[in-house]
Amino acid sequence: MSNTSGAGPRRILHVMRAPVGGLFRHVLDLAGEQARRGHSVGIIADANASDGLTRQRLAAIEPNLSLGLALIPMSRKPGLGDFAAARAVGLHASTLNLDVLHGHGAKGGAYARFAGKSLARTGKAPKSFYTPHGGVLNFRAGSLEARVYLGIEKALAGSTNGIIFESDFARRAFEAGAGLDRVAWRVVPNGLQPADFEDHVPNDDAADFLFIGELRDIKGVDVLLRALKRLSNVRPVSAVIVGAGAEDANLKALATELELQSCIRFTGALPVRVALPMGRCLVVPSLKESFPYVVLEAAAAGLPLVSTNVGGIPEIVATTDTALVPPGDDEALSGLMAAVMSDWDGAKSRAARLKSSVARRFTVAGMASDILEFYETAPGR
C-alpha cells in the first residue's frame, strides 16, 4: 500500500518501555502499518522483557523495521537508571535522521521527548509525539509516581508537538492532571486487524465466563471471584482466569477461601486468540482502564461481553445495547452475568450488534491514517 499521509515517506521512531499488553499491540500494529505504507520505522523497547512470547512478537516485526529494533535496559520505577536510559535513547535517535519521535506510555513518552529536546540543540529536531496509554492515568492520586510523572508531563509540554489519546476518557483524565493548554492533541482510538473479526467459536469444554488480563488489583478479579461465588450459590457456573501478575497467589487463595476450586481454572498468561475460545462470555471487572484492547478483540470476535463502566469502555459500546455495571460491585456484576446465562441467544445477538459497530469504527488502517495525518498537521516547536 502506498503512503497516504499527504506527505512523502517519513522516518519514524517509536519508543516504549515494557513490550507487554495493549501498549505493545498498539505499537506493533501502528509501526507495521506505517512500514507497509512506505515509511521508515524503528522501535526502541526495554531489554529486560525477555519472555518467549515477547521475543516471538518482536522477531516477527523486526524485518519490517528499516530503522531497526533497539533494546536498552529500562526500569519500571523512577530512579537514577532513567538518566542512562534517556541518554541511550537520545544517542540512538541521533543516528537515524528522524522526522518523528513517538513515545508510548509514561516512560517511553518521557524518553522520546528528552531525546527530541537533545536533538533540537543540534539543529536536527524531529517532531515529538506522545501517547500516554494507561501511563500517568493509572497512578494512584498523590503517590510518588503520580507526582513525579505529572511533574514531567508539565515540564515536557513545551517540547511536545502533539499528544495522541486512545479515548476521550484518557484525554479528560490527562487534562485534569497535567493540562493541555500548551500542546496540540487528538483522540485516535485503537484499531483492529481484519483477522480480529473472525467469528468466535467456543471450545467444546468452554467455561461460561472468561477473564483475560494482568492479575493486578486494578483489574478487579477479586470482584469477579465474589460475583462467581454469588452465582454458584444458586446455579452451576464455570470460569477461566487467563493471565499472570502480582496478585496471582492472592487471587488463588481467595478462590480457595470462597470454595470455587471446582468451578474455576487459572491458566497463566496466554495469547488472546488462544484464550478467547476458552469461554462463552468475556468478563471485564476492571476498577480502572484506559481503552482496553481485550474488549475490542472480544467484540470483534462476536463474544458476549459483561463489563464495568470504566475508562474508555463506554466509548467502545456506545450506540449499542451492551449494558455495563459499576466497578467494584460484585452484586451488580453477578446480576448481569446471571442475565447472560439465562438468555444466551440474547447475549449473542447483542454481541453481533456490538461487533458490527466496532467493525465500522475501530480499524488499524483508520488509526494509522489519522496518526500520520496528525504528524503532518501538528504545529512545530
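Not measured: the values here are computed from a predicted model.
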Any salt bridge linking [X] with [Y]? Criterion: basic side-chain nitrogen under 4.0 Å from a carboxylate oxygen.
X	Y	value
Asp196	Arg273	yes
Arg172	Asp168	yes
Arg76	Asp46	no

Going by heavy atoms in the side chains, are Ile12 and Asp99 under 4.5 Å from each other? no
Below 4.5 Å, heavy atoms only, C-beta onward: do Lys229 and Glu259 meet side chain to side chain?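 Yes, side chains in contact.
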Distance-only side-chain donor-acceptor flag, [X] / [Y], under 3.5 Å:
X	Y	result
Arg37	Ser369	yes
Asn161	Ser128	no
Asp82	Tyr111	yes
Tyr293	Glu166	no
Ser356	Arg360	yes
Thr322	Arg350	no

Charged tip of Arg57 within 45° of Phe24 ring normal and under 6.0 Å: yes
Show me the pairs that pass salt bridge (Lys or Arg N to Asp or Glu O under 4.0 Å) and involve residues 230-251, at least two apart or across chains.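 Listed once each, the pairs are Arg230-Asp330, Asp248-Lys252.
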Once you measure the plane-to-plane angle for [X] and [Y], does it fall in the parallel (<30°), tilted (30-60°) or perpendicular (>60°) bin?
X	Y	value
His14	His102	tilted
Trp344	Phe209	tilted
His26	His133	perpendicular

Set of salt bridge (Lys or Arg N to Asp or Glu O under 4.0 Å) partners for [X], sequence neighbours left out:
X	answer
Arg353	Asp321
Asp29	Arg25
Arg186	Glu373
Glu198	none

From OG (Ser334) to CG (Asn233), nearest 0.5 Å: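 Spacing of OG (Ser334) from CG (Asn233) equals 10.0 Å.
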Between [X] and [Y] (side chain of the first, backbone of the second, donor and acceptor by atom type, cut-off under 3.5 Å), is there such a pair?
X	Y	result
Thr363	Gly191	no
Arg11	Leu96	yes
Asp329	Ala332	yes

Using ring-ring contact (aromatic ring centres under 6.0 Å, His included) as the criterion, list what pairs up with Phe362, not counting sequence neighbours.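 Testing Phe362 for ring-ring contact (aromatic ring centres under 6.0 Å, His included), a comparison that skips the adjacent residues, returns Phe291.
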Taking atom CD as the centre, does Glu331 end up with more than 12 heavy-atom neighbours from other residues, nucleotides or ligands that are less than 6.0 angstrom away?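 Counting other residues, nucleotides and ligands, CD of Glu331 stays at 12 neighbours or fewer.
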